[in-house]
Chemist: 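Starting off with a structure, shown below.
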Amino acid sequence: MMKKCIVILVVLIGLTNYAQQRNVVLIIADDLGKDYCDIYPDHATNVVNLTNVRRLLPRGIVFNNAWSNPLCSPTRAGILTGRYSFRTGVGDVVDGGNTKLNINENIIPKVLNLYSPNGISKACIGKWHVTTAGPAGIDYPRLMGFDHYEGNLSGALGQPGQLATGFNNWTKITNGVSSTCTNYATTENVNNAISYINSQPSSKPFYLHLAFNAPHTPYHLPPANLITTTSLSGTQADITANPIPYFKAMTEAMDKEIGRFFDYLISSGKWDNTDIIFIGDNGDESLVAQTTPSKGSIYQGGVTVPFIISGPDVVNPNRTSNALVNTADLFATILELFGDTNWQSQIPTTIVDSHSLLPILSNQTTSVRPWEFTEVFKLTPTSGDGKAIRNTDYKLMKFDDGTEKFFNLTSNSSEATNQNLLLGTLNTTQSNNYSYLCNQMTTLVGGPQYCNALSVNDNELEANENKAFPNPFHSKINLKSYTGNENYELYSNLGQLIYKGKSIENQDFSALSNGIYFLKISDKATATVKLIKE
């Protein structure tokens with residue numbers, strides 16, 4: 001009987017240790033969109049064989065509809081905080097003294113330490129790029145919660161269009177100390193990751209944030225032992241003329257080093273109790289993109305990224321998922337993989353947008369959110385700045401200049417401009433989806449109705465059709481009743497604001513293009529009139 005009790009006790013201790021030793025590794029590829037990834041059946045024509053990333057599939061889930069931000073700093077800020085860009089203030093790349101992530105944000109390692117003080121090792125290896133890279137911010141990763149940081153703080157290891165000496169001669173920061181590293185950056189990242197894990201007590205669980213610079217520009221020829229191709233010269237002229245083969249070679253080299261890291265986890269006995277996440281941070285750079293618009297845009301080519309979660313917490317693995325997921329969802333997911341299911345109570349005053357993906361991993365549900373959201377806003381505003389939201393079938397894009405685009409992604413996955421549904425009259429299903437997405441965006445972002453007059457239903461439009469004349473109009477818009485207190489807003493069918501003011505009857509609209517327009521009349525109540533310009 002005593003022997004049986006001892007055996008049971010040993011088993012229980014073993015199970016307890018296993019639970020305590022759950023590890024999580026997040027691997028981020030820099031500027032790698034979904035279209036080059038051979039793990040996806042809908043990949044583009046040109047692919048990279050991700051031989052080692054593919055090793056994640058037998059014990060993982062591949063997410064088909066993952067969104068990031070269009071640029072790296074906003075995506076990384078969203079992962080670390082679980083918050084959308086309009087909350088963090090990081091809507092553009094962090095460079096020098098511009099917008100950066102607030103040092104007081106509750107990022108993943110800080111919350112893990114609240115959950116288990118000094119109980120989980122927390123390391124960030126590789127690219128940081130969410131706070132100032134100068135002397136003032138040289139130790140920000142540790143000040144914000146990581147126990148160890150080793151990598152580069154800025155966005156790139158060189159400049160686009162130059163021969164990439166940057167990956168072989170770069171400024172490396174190790175816990176606030178700067179040095180020059182001449183080892184190939186992708187290799188150095190994996191060396192540093194392995195060294196850090198080896199330095200920790202074997203019984204202590206770890207969170208590793210492993211962020212490669214590859215395959216971000218500057219494009220170059222990686223070391224020969226990391227690639228299969230032998231036909232690339234590596235000259236600047238060849239790189240400039242043919243960037244795609246070098247982009248692919250850099251991605252292959254990254255995959256090779258990922259494989260070396262996986263081999264280490266296996267040989268050290270850590271593979272079986274380590275959950276591994278692999279993602280891209282945004283779409284491909286325009287120099288190599290097969291889907292356009294690409295990086296920097298809220299179109300699919302800018303925000304659709306590879307996203308895999310693999311490991312012991314995946315029930316019924318080797319699955320694919322069509323769930324709508326966002327890279328910001330990694331915040332809650334990573335915390336809960338460590339058992340911190342009450343993380344919100346540890347940061348009660350913080351608004352968090354992240355949705356844990358554990359219910360999908362545990363095969364309890366097929367989705368955790370009805371829509372996903374992304375945005376970009378540059379320090380110097382551009383016509384591409386804006387927000388996007390989608391549900392299963394439809395996607396609404398609202399640009400900051402007032403333009404709107406509305407697509408059925410099921411039938412128009414390429415977002416062909418001539419299939420913008422707002423160019424015509426919406427049917428009931430389209431109108432319902434437009435209104436739903438518009439209202440969700442309005443609720444999320446806050447303030448007045450976020451979308452324009454097009455959110456008014458057809459019955460309301462028909463009831464107001466006699467408030468303005470003639471209809472169709474040619475140059476002037478006249479009103480059936482006028483008190484002088486009204487405010488007028490005239491929108492194009494694409495959502496652009498044409499006129500705003502109190503004297504619309506005095507305006508000459510003869511230069512407007514022919515088509516459908518919407519006139520919003522606001523006084524004590526608001527009415528919207530659908531007008532046709534001929």
Side-chain angles (χ1 to χ4, degrees), residues 26 28 30-31 69 71-81 83 85 87-113 118 121-193 195-196 199 207-214 216-218 220 281-282 377-380:
L26 170 62
I28 305 177
D30 198 358
D31 284 6
N69 286 76
L71 295 168
C72 52
S73 295
T75 294
R76 291 161 200 268
I79 292 170
L80 288 168
T81 66
R83 287 151 55 82
S85 294
R87 301 195 202 279
T88 66
V90 183
D92 197 356
V93 294
V94 172
D95 183 18
N98 67 21
T99 302
K100 55 187 178 293
L101 189 63
N102 191 303
I103 193 172
N104 295 316
E105 286 275 3
N106 293 303
I107 70 172
I108 291 171
K110 185 185 293 186
V111 182
L112 284 176
N113 207 49
N118 200 34
S121 297
K122 303 168 290 294
C124 179
I125 304 294
K127 180 173 174 174
W128 177 242
H129 204 203
V130 291
T131 57
T132 302
I138 197 168
D139 206 19
Y140 271 11
R142 286 202 305 167
L143 292 174
M144 296 179 73
F146 282 104
D147 303 319
H148 180 81
Y149 174 73
E150 208 165 353
N152 70 298
L153 297 173
S154 58
L157 298 174
Q159 297 299 321
Q162 295 180 358
L163 187 61
T165 56
F167 270 71
N168 296 288
N169 188 351
W170 52 286
T171 300
K172 178 181 172 182
I173 307 299
T174 304
N175 295 330
V177 178
S178 176
S179 64
T180 298
C181 182
T182 56
N183 196 22
Y184 186 63
T186 305
T187 298
E188 181 72 4
N189 293 154
V190 170
N191 289 350
N192 298 159
S195 296
Y196 179 76
S199 73
Y207 167 55
L208 175 64
H209 184 107
L210 178 55
F212 292 102
N213 281 88
H216 192 290
T217 55
H220 61 271
D281 66 346
N282 48 245
F377 46 91
K378 305 285 182 57
L379 289 172
T380 302

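Bear in mind that the values here come from a model prediction, so they are computed numbers and not experimental data.
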Chemist: Walk me through it: do Leu26 and Ile108 pass the test side chain to side chain contact (heavy atoms under 4.5 Å, CB included)?
Modeler: CA-CA 12 Å; Leu26 170 62; Ile108 291 171; 5.8 Å; no
Chemist: Which pair of heavy atoms, one from Cys72 and one from His129, lies closest together, and at what distance?
Modeler: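 Shortest heavy-atom contact: SG-ND1, 3.3 Å.
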Chemist: Measure the CG-CG distance between Asn169 and Asn183 for me, rounded to the nearest 0.5 Å.
Modeler: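 The CG atom of Asn169 sits 11.5 Å away from the CG atom of Asn183.
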Chemist: Heavy-atom distance under 4.5 Å between the side chains of Val130 and Val90, does that happen here?
Modeler: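 They are not in side-chain contact.
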Chemist: Determine whether Ile28 and His209 make a side-chain contact, defined as any pair of heavy atoms from C-beta on separated by less than 4.5 Å.
Modeler: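 With C-beta onward as the side chain, the pair touches.
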Chemist: Would you confirm whether Lys127, through its side chain, and Ala156, through its main-chain N or O, come within 3.5 Å as a donor-acceptor pair?
Modeler: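 No.
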Chemist: Minimum heavy-atom separation for Pro74 to Ser85, with atom names?
Modeler: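 Pro74 and Ser85 have their closest heavy atoms at CB-OG, 3.6 Å.
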Chemist: Lys110: what forms a salt bridge (charged side-chain N to carboxylate O under 4.0 Å, His left out) with it, not counting sequence neighbours?
Modeler: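 None.
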Chemist: For Lys172, which of Thr180, Asn192, Asn152 qualifies under side-chain hydrogen bond (donor to acceptor under 3.5 Å, both in side chains)?
Modeler: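 Answer after filtering Thr180, Asn192, Asn152: Asn192.
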Chemist: Let me confirm one number: the CG-CD1 distance from Leu143 to Ile138, rounded to the nearest 0.5 Å.
Modeler: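 These two atoms lie 11.0 Å from each other.
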Chemist: Stepwise, does the side chain to side chain contact (heavy atoms under 4.5 Å, CB included) test hold for Asn175 with Glu150?
Modeler: CA-CA 6 Å; Asn175 295 330; Glu150 208 165 353; over 6 Å; no
Chemist: May I ask you to decide if Asn118's main-chain N or O and Asn113's side chain share a donor-acceptor pair within less than 3.5 Å?
Modeler: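 Yes.
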Chemist: What distance do Ile107 atom CD1 and Asn102 atom CG have between them, rounded to the nearest 0.5 Å?
Modeler: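 Between atom CD1 of Ile107 and atom CG of Asn102 there are 11.0 Å.
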Chemist: Rounded at 0.5 Å granularity, tell me how far CG in Asn106 sits from CZ in Arg83.
Modeler: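 Asn106 atom CG to Arg83 atom CZ measures 8.5 Å (nearest 0.5 Å).
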Chemist: Please name the pair of heavy atoms, one in Gly176 and one in Asp139, separated by the smallest distance, quoted to 0.1 Å.
Modeler: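 Scanning both residues, the minimum pair turns out to be N-OD1, 3.4 Å.
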Chemist: Could you check if a side-chain atom of Leu71 sits within less than 4.5 angstrom of a side-chain atom of Asp92, using non-hydrogen atoms only?
Modeler: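 Yes, their side chains come closer than 4.5 Å.
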Chemist: Measuring from atom SG of Cys181 to atom CG of Asn191, what distance do you get when rounded to the nearest 0.5 angstrom?
Modeler: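 CG of Asn191 is found 9.0 Å from SG of Cys181.
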Chemist: Is the shortest heavy-atom distance from the side chain of His216 to the side chain of Leu157 under 4.5 Å?
Modeler: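 SC-SC contact between His216 and Leu157 ruled out.
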Chemist: Does the side chain of Met144 reach to within under 4.5 Å of the side chain of Thr131, using non-hydrogen atoms?
Modeler: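 They are in contact (side-chain heavy atoms under 4.5 Å apart), so the answer is yes.
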Chemist: Hey, does Leu80 have a side-chain heavy atom less than 4.5 Å from the side chain of Glu105?
Modeler: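 No, every pair of side-chain atoms sits at 4.5 Å or beyond.
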Chemist: Would you give the length of the straight line joining atom NZ of Lys122 to atom OH of Tyr196, rounded to the nearest 0.5 angstrom?
Modeler: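 So the gap between those two atoms works out to 7.0 Å.
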Chemist: With sequence neighbours excluded, what pairs up with Thr171 under the side chain to side chain contact (heavy atoms under 4.5 Å, CB included) test?
Modeler: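 Listed in chain order: Ile173, Ser178.
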Chemist: Here's a test for you: under side-chain hydrogen bond (donor to acceptor under 3.5 Å, both in side chains), which of Thr75, Asp31, Asn69 qualifies with Asn282?
Modeler: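 In the set Thr75, Asp31, Asn69, the residue that makes a side-chain hydrogen bond (donor to acceptor under 3.5 Å, both in side chains) with Asn282 is Asp31.
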Chemist: For a quick test of reading the model, state the closest non-hydrogen atom pair linking Gly151 to Tyr149 and the distance between them.
Modeler: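 Heavy atoms of Gly151 and Tyr149 come nearest at C-OH, 3.2 Å.
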Chemist: Give the ring-plane orientation class for Phe167 versus Tyr184, where under 30° counts as parallel, over 60° as perpendicular and anything between as tilted.
Modeler: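 Ring orientation of Phe167 relative to Tyr184: tilted.
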Chemist: Using every non-hydrogen atom in the two residues, find where Arg76 and Ala211 come nearest and quote the distance to one decimal.
Modeler: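 The answer is NH1-CB, 3.6 Å.
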Chemist: Indicate yes or no: at least one non-hydrogen side-chain atom of Ser73 is less than 4.5 angstrom from one of Leu101.
Modeler: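 No, too far: nothing below the 4.5 Å cut-off.
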Chemist: Which residues satisfy the ring-ring contact (aromatic ring centres under 6.0 Å, His included) test with Tyr140, sequence neighbours excluded?
Modeler: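 Tyr140 satisfies ring-ring contact (aromatic ring centres under 6.0 Å, His included) with no other residue.
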Chemist: Do you know the tightest heavy-atom contact between Asn189 and Trp170?
Modeler: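 Scanning both residues completely, I find the closest heavy atoms to be ND2-CH2, 4.5 Å.
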